[in-house]
2 protein chains.
Amino acid sequence: MENELDHADCPVTATIALFGGRWKLLILYVLSRNTRRFGEIQVRIPAISKKVLTEQLRELEADGLISRKEYKELPPRVEYALTDFGKSLCPLLIDIAAWKRKNIG
Amino acid sequence: MENELDHADCPVTATIALFGGRWKLLILYVLSRNTRRFGEIQVRIPAISKKVLTEQLRELEADGLISRKEYKELPPRVEYALTDFGKSLCPLLIDIAAWKRKNIG
DNA sequence: CAGTATCCGACGCGATACTG
DNA sequence: CAGTATCGCGTCGGATACTG
């Protein structure tokens, strides 16, 4: 790695990019407890605007961490859920949090 | 956590903030192999400018990950090294990289 | 209800020139 | 050698209003 030193293909950089967005960890946390509709996520993260929430959800979906299921009803209903890949992230996040408790407190 | 949902005190957010800067992981990697002078770091990460390198080093120092030792000579000499705290981060970074290899490849 | 469409400001990062 | 000092730009996130 020291020869190239291009952080683009650094595995750590690539991994934290998955959940590096401003609200992504929070969204993942909310969805880890339950499948949720768009509005339900908003209620649990009041500070986020619709535009930004939409963006973060789209990116999480593009990275395969969450799934989006649209029911063709009126009024519309959309449900977001963690994918298996998204769930696989949880142990890692717990490890990171554990590191902090141990090394910082 | 779901009650507050303020990511400021999220342990994962706080932890990745330590090495979240544009070049910090690379700098930590360079210093993990050896104590290095300012110019030596620059040679190993050619794409970084002096200004940004200085900024990232100052932040890493402020967070206690690296140490800065200034020798009062002419021409000036400054040596950067990982602190014990900085070294404690390495296993975590290895874990993150391992997660990627296992779950993405 | 679940989004788009605009507009905008802050910040991180970069390029370049200068200095003790 | 190891930095500062400026200037500037792109991207991310935020505020607000509108829509199928």
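To find a chain, count down the sequence lines: A is the first, B the second, and so on, and within it residues start at 1.
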Give every residue pair that meets the ring pair (Phe, Tyr, Trp, His ring centres under 6.0 Å) criterion with at least one member in residues 76-101 of chain B, sequence neighbours excluded. A:F85-B:W99, A:W99-B:F85

Would you sort out whether A:R44 and A:E40 count as a salt bridge (charged side-chain N to carboxylate O under 4.0 Å, His left out), showing the intermediate values? CA-CA 6 Å; A:R44 281 163 179 78; A:E40 292 176 322; 5.4 Å; no

Tell me which one of A:L93, A:L26, A:L60, A:I27 satisfies side-chain contact (heavy atoms from CB on, under 4.5 Å) with A:F19. A:L93

In terms of hydrophobic clusters joined by side-chain contacts under 4.5 Å, are A:I94 and A:Y29 together? no

Quick one: A:I48 CD1 to D:dG13 C1', roughly how many Å, whole number? 9 Å

Rounding to a whole Å, what distance do you find between B:Q42:CD and C:dA15:C1'? 13 Å

Measuring to OP1 and OP2 of C:dC1, would you say a side-chain N or O of A:Y80 lies under 4.0 angstrom away? no

side-chain contact (heavy atoms from CB on, under 4.5 Å) partner of A:W23, chosen from A:L28, A:I41, A:V30, A:V52: A:V52

DNA chain C-proximal residues of residues 63-78 of chain A, any heavy atom under 4.0 Å: A:R68, A:P75, A:P76, A:R77, A:V78

With a 4.5 Å heavy-atom cut-off, do B:L18 and A:I104 have their side chains touching? yes

Polar side-chain atom of A:T83 near backbone of A:G64 as donor-acceptor pair, under 3.5 Å: yes

Does a side-chain N or O from B:R37 land closer than 4.0 Å to OP1 or OP2 of D:dA2, or not? yes

Closer than 4.0 Å, any side-chain N/O of B:W23 to the OP1 or OP2 of C:dG14? yes

Is the shortest heavy-atom distance from the side chain of A:L65 to the side chain of A:L82 under 4.5 Å? no

Return the value, rounded to whole Å, for the distance between atom CD1 of A:I41 and atom P of C:dG3. 9 Å

Gap between atoms CD and P, on A:E79 and C:dC1 respectively (whole Å): 14 Å

Is a side-chain N or O of A:T35 found less than 3.5 angstrom from the main chain of A:A81, in a donor-acceptor match? no

For A:E40 and C:dG3, give me the distance from atom CD to atom C1', rounded to whole Å. 16 Å

Does the pair B:V78 and B:R68 meet the rule for a side-chain contact (heavy atoms from CB on, under 4.5 Å), with working shown? CA-CA 7 Å; B:V78 178; B:R68 179 181 183 277; 3.7 Å; yes

What integer distance in Å separates B:E55:CD from D:dT6:C1'? 13 Å

So, OP1 or OP2 of C:dC13: does either fall under 4.0 Å of a side-chain N or O from B:Q56? yes

How would nucleotides 4-11 of chain C be written as a contact map, 5' to 3', with B for base contact, S for sugar-phosphate-only contact and - for no contact, using protein heavy atoms under 4.0 Å? BBBB----

Which residue pairs pass the ring pair (Phe, Tyr, Trp, His ring centres under 6.0 Å) test when at least one of the two sits in residues 48-72 of chain B, sequence neighbours left out? none

A:N34: which residues meet the side-chain contact (heavy atoms from CB on, under 4.5 Å) condition with it, sequence neighbours left out? A:R36

Secondary-structure string, 5' to 3', Watson-Crick or G-U under 3.5 Å, | for another-strand partners, for DNA chain D: ||||||||||||||||||||

Without decimals, in angstroms, what is the distance between B:L57 CG and D:dC1 P? 17 Å

Spacing of A:L53 atom CG relative to C:dC1 atom P, expressed in whole Å: 14 Å

